[in-house]
Each structure stands twice: as C-alpha cells, then as structure tokens.
Amino acid sequence: MSIIIHEALRAYIDPLTEHEFAALERSILTEGCRDALVCWGEILIDGHNRYAICQRHNLPYNIVQNDNFSNIEDVQLWMIDNHLGRRSVTDFQRGMLALRKKEIVLARMKAQEEQAPSDNAESEVAVPVVKPTQSRQEIARLAGISSNAVVQIEKIQKAAAPELVQAVRDGTISISAAAAIASLPNEDQVAAVAGGRKELQQAARQVREKVREQKAPAKAVATEAAAPAVMEGRQDSASSSGVDELSNLRQQILHLQTENSELLSQIAALKAQLAG
C-alpha cells in the first residue's frame, strides 16, 4: 500500500537528534525494521524515522492499521500518549507533550460547550463531557515529572527564543537554567546559546543572583515590619508570665497557712489528752 506523510503530524513530535537517528539507522541495518509502522488509513502516524531509513536503504517493513480515530486531533492525542510511554523521551519532551495534550483537550471542551444545545432546545442527544487536564499537578503526573518542572517548561514555552528551546532539547542546558534565561530579552538568549554550555550556565547564574538580590530587600522590609509585633508579643508574654507566677505564689502561701492551722489544732488535741 502507498503511505502518505502528513507533514503536520510528522512535525508534531520532536524529531530525533542526529546521534539518535544514526543509532536507529545502525540498528535497522543490522537487525531489520523490527517494529511495524502504524497507519491511519494511508496516513503514517508512527514510525516516520523507521520509514525514512527503510526507504533510503530499500529495506522491507510491516504495517499495522489503527482505525480508531475520528479526526486528526484523535491521532495527535494517541501520538502523545504513545510517546509518553517511551523511556527514551526526555523530561522536557514529556512536559511539552503533556502541555500539548492539555491544549487539545481544552480546545475540544470549548468547542463542545459552544455546540451544546441550549436549555430550552429539545434534544435527545447527550453531549459527552470531556474532563480537561488543567492543574499543574495533573500535567506533572501525566508527564511523570515534578510540578516545578511543569512551571519551568511553561515559562520556556511562552518566553524562550527558538535557539534556547533547541538547546534544551539537545540537552545542552537544563530545564531550570533555560527557564531562568527565558526571562532575558531574546537577543541575550540567542547570544548565550551561541556562547555554548558555559555561557548558558553563567547567564542562568546571573539571572538567579539578580532575583535573589531583588527578593532580599523585600524580605528585610517584611522582617522589620514584623519585629514590633514580635516584641510586643514577647512583652505581653512576659507580663502574662509574671502574673501567673504571682498567682501561684499566693496559692502556695494559702496552702501552707492552712496546713499550719491544722498542725496547731493537732498539737492542742495531743496536749489535752496528755493532761487528762
């Protein structure tokens, strides 16, 4: 059968690096194409790299059909879940895939709400309710990463220059460092990437130090504002402690006076017995 390459689907998942592609090519040349390509009709939805290698070297391959999709969005959701299940996917790629899934599901839910019949309209068709992946905790659980990493990936997704995003994908820089550098102007991000790993690490360090310096005065002001209240509380506590101590002393004196009276009564009774 003929195979159609859907460019939007092929570009939907991050491509392999040159090293990863070369390793896959060596494996297929040695052992053949062991994993079947997956198609939706004639459209290839999984195995783009395997297909390209087999075409280049005129190697045989197997095809399996997956017809459980109604539209391209269903295919995209399947591709996301399929890639999230692979161990070779990096944390950054996992976070990006989970955020893409969130976007698709939210867009689908919005479309359903807009197309839903009004309360007054008579309809026997039940509109399915799609529960979106909304919270960072849910996205983190889906991607298998921390909630903090999701926050950082969202920042990279929104503010990072394409060169910085590629540096994260290539493993040149960590997610946390890239998120810090993403707060810089685009030209500074590009310059840091051009400088290589050390320049990127230095840029991230400078951004973090600047953030700490900005937070320090605010923290000091908050501490100073809280100091009078703390001192007042200590004074109140000391005053309260003094009152409690005085009350305890008075109770002890009353108790001793009572015991003394009882002893005097006992002595007088003993004297009376002796005199008799």
Side-chain angles (χ1 to χ4, degrees), residues 8-9 11-17 20 45-46 66 68-116 126-184 186 189 200-201 203-205 207-212 214-216 218-219 222:
L9 291 180
Y12 195 70
I13 301 297
D14 288 342
L16 297 178
T17 63
E20 291 170 337
I45 61 175
D46 183 60
N66 190 336
N68 300 319
F69 309 117
S70 301
N71 49 48
I72 292 295
E73 286 183 350
D74 288 344
V75 176
Q76 290 173 332
L77 291 173
W78 178 86
M79 291 174 68
I80 289 172
D81 291 337
N82 187 42
H83 278 72
L84 285 174
R86 294 177 175 173
R87 291 178 295 177
S88 60
V89 180
T90 66
D91 286 350
F92 179 71
Q93 290 172 326
R94 289 181 178 279
M96 291 293 289
L97 288 170
L99 289 171
R100 287 172 185 169
K101 182 171 185 177
K102 172 189 175 183
E103 291 172 358
I104 294 173
V105 175
L106 287 176
R108 180 172 289 185
M109 183 179 181
K110 183 178 180 181
Q112 286 183 344
E113 291 175 348
E114 291 175 351
Q115 295 175 3
V127 178
V129 177
V130 179
K131 182 181 179 181
T133 303
Q134 291 182 328
S135 71
R136 289 195 177 101
Q137 289 76 14
E138 289 175 321
I139 296 171
R141 185 165 53 252
L142 173 66
I145 58 178
S146 67
S147 297
N148 188 46
V150 172
V151 174
Q152 293 168 344
I153 292 171
E154 284 181 313
K155 185 175 181 180
I156 294 169
Q157 185 184 45
K158 294 175 182 177
E163 293 83 353
L164 181 59
V165 174
Q166 190 59 48
V168 185
R169 287 173 174 165
D170 294 341
T172 306
I173 187 173
S174 67
I175 294 173
S176 60
I181 296 173
S183 62
L184 297 173
N186 269 27
Q189 296 181 36
L200 286 166
Q201 292 173 344
R205 191 179 303 112
V207 171
R208 289 165 177 159
E209 288 175 355
K210 185 175 181 180
V211 170
R212 282 195 293 269
Q214 291 174 344
K215 287 183 177 180
K219 185 176 181 181

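Bear in mind the structure is a predicted one, so any value in this text is a computation, not a measurement.
- Distance check: K101 NZ to I80 CD1 gives 7.0 Å after rounding to the nearest 0.5 Å.
- From I175, atom CD1 reaches atom CE of M96 across 10.5 Å, with rounding to the nearest 0.5 Å.
- Side-chain atoms of R136 never come within 3.5 Å of backbone atoms of N148 as a donor-acceptor pair (strictly under, hydrogens ignored).
- Pairing each heavy atom of A159 with each of N186, the nearest pair is O-OD1, 4.0 Å.
- Scanning all heavy atoms of the two residues, the minimum distance from S183 to K155 falls at CB-NZ, 3.9 Å.
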message: As a quick check of understanding, evaluate side-chain contact (heavy atoms from CB on, under 4.5 Å) for Q201 and I173, giving each step before the final call.
response: CA-CA 8 Å; Q201 292 173 344; I173 187 173; 5.9 Å; no
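- Closest non-hydrogen pair, L84 versus R94, comes out as O-NH1, 2.6 Å.
- In this structure, the separation between CD on Q152 and OG on S176 is 5.5 Å, given to the nearest 0.5 Å.
- Of the possible polar contacts, one joining the Q189 side chain to the A161 backbone as a donor-acceptor pair under 3.5 Å is found.
- In this structure, N71 and R108 approach most closely via the heavy-atom pair OD1-NH2, 3.5 Å.
- The two residues V168 and A178 come nearest to each other via the heavy atoms CG2-CB, 3.3 Å.
- Taken from CG in L200 to CZ in R205, the straight-line distance is 11.5 Å, to the nearest 0.5 Å.
- Checked against N82 for a side chain to side chain contact (heavy atoms under 4.5 Å, CB included), the options D46, L77, L97 give a single hit: D46.
- The OH atom of Y12 sits 3.0 Å away from atom CD1 of I104, with the distance rounded to the nearest 0.5 Å.
- Separating the CZ atom in R208 from the CZ atom in R212 is a distance of 8.5 Å, to the nearest 0.5 Å.
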- request: Just do the side-chain contact (heavy atoms from CB on, under 4.5 Å) check on I156 and L164 with the steps written out, would you?
  value: CA-CA 8 Å; I156 294 169; L164 181 59; 5.7 Å; no
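- Of all non-hydrogen atoms in I145 and A149, the two that sit nearest each other are CD1-CB, 4.2 Å.
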